[in-house]
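Before any comments, here is the structure.
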Amino acid sequence: VQLQACGGGLVQPGGALRLSCVASGRTLSLYTMAWFRQAPGKEREFVAAIRGNGGGMTHYAASVKGRLFIARDNAKNEVLLIMDSLKPEDTAVYYCNGFIISSDNPEGDEYWGQGTDVTVSS
């Protein structure tokens, strides 16, 4: 199982980006999926999460609530981070994360994507 993230880039303050993370391999079911980020010189921090069942309940870090939105497309094994009203303090490497059941690991395991860079600067 691999998580492949893409969609990062350079954007001006107030701009928008859309990050995508696709799970590939012998996946059977994606449970809770999430995004984390790590700014230069700082520890990795939680950004947003979405449940795999129960109506896709979401949870956000206070710093991003109302500006960043997590969504999922189960048919595509994809989780999105829709980013709006971006601020310079959103600059970071963004990582997707998920608990995934696969043919190789029926009990499931936690996986991380490789990260995609987001820079918010004028």
Side-chain angles (χ1 to χ4, degrees):
V1 173
Q2 287 188 326
L3 293 177
Q4 184 71 35
C6 65
L10 172 63
V11 63
Q12 291 187 343
L17 280 175
R18 178 178 157 127
L19 306 184
S20 170
C21 176
V22 176
S24 62
R26 299 170 61 168
T27 62
L28 295 175
S29 184
L30 277 60
Y31 282 79
T32 297
M33 301 295 293
W35 288 92
F36 288 75
R37 67 186 182 186
Q38 187 167 16
K42 294 187 177 181
E43 294 188 354
R44 190 173 297 187
E45 65 175 3
F46 169 79
V47 175
I50 184 167
R51 289 268 189 95
N53 51 23
M57 187 177 297
T58 56
H59 180 61
Y60 295 94
S63 60
V64 307
K65 194 172 289 187
R67 301 185 301 112
L68 276 58
F69 303 93
I70 190 169
R72 63 191 296 157
D73 185 335
N74 291 328
K76 296 181 180 179
N77 282 349
E78 183 179 26
V79 60
L80 303 171
L81 187 65
I82 301 160
M83 311 170 77
D84 198 7
S85 302
L86 284 164
K87 303 176 180 180
E89 50 263 43
D90 294 317
T91 295
V93 178
Y94 283 72
Y95 297 90
C96 60
N97 165 276
F99 188 85
I100 299 172
I101 307 292
S102 68
S103 301
D104 300 321
N105 192 348
E107 294 186 352
D109 203 351
E110 182 182 23
Y111 296 88
W112 288 90
Q114 85 287 4
T116 184
D117 283 301
V118 172
T119 301
V120 184
S121 175
S122 55

Can you check whether I70 reaches W35 side chain to side chain, under 4.5 Å on heavy atoms? yes
Sub-4.5 Å side-chain heavy-atom contact between E43 and F36
no
For E45, the side chain to side chain contact (heavy atoms under 4.5 Å, CB included) test, sequence neighbours excluded, returns R37
Taken in chain and number order and not counting sequence neighbours, the residues that satisfy side chain to side chain contact (heavy atoms under 4.5 Å, CB included) with D84 are A16
query = For E78 and S20, what are the C-alpha separation, side-chain angles and deciding distance, and is it a side chain to side chain donor-acceptor pair (under 3.5 Å)?
reply = CA-CA 7 Å; E78 183 179 26; S20 170; 2.6 Å; yes
Contacts of Q2 meeting side chain to side chain contact (heavy atoms under 4.5 Å, CB included) (sequence neighbours excluded), chain-then-number -> S24
Residue set satisfying side chain to side chain contact (heavy atoms under 4.5 Å, CB included) with V118, at least two apart, ordered chain then number -> L17, L19, M83, Y94, V120
The side-chain hydrogen bond (donor to acceptor under 3.5 Å, both in side chains) partners of S102 (sequence neighbours excluded) come to none
Across all chains, not counting sequence neighbours, the ring-ring contact (aromatic ring centres under 6.0 Å, His included) partners of Y111 are none
Q. Considering only heavy atoms from C-beta outward, does the side chain of V79 approach that of L3 to under 4.5 Å?
A. no
Honestly curious: do I50 and I82 fall in one hydrophobic cluster under the side-chain, below-4.5 Å linking rule? yes
### Query
Would a distance-only check, ignoring hydrogens and angles, find a side-chain to backbone donor-acceptor pair under 3.5 Å from T116 to G8?
yes
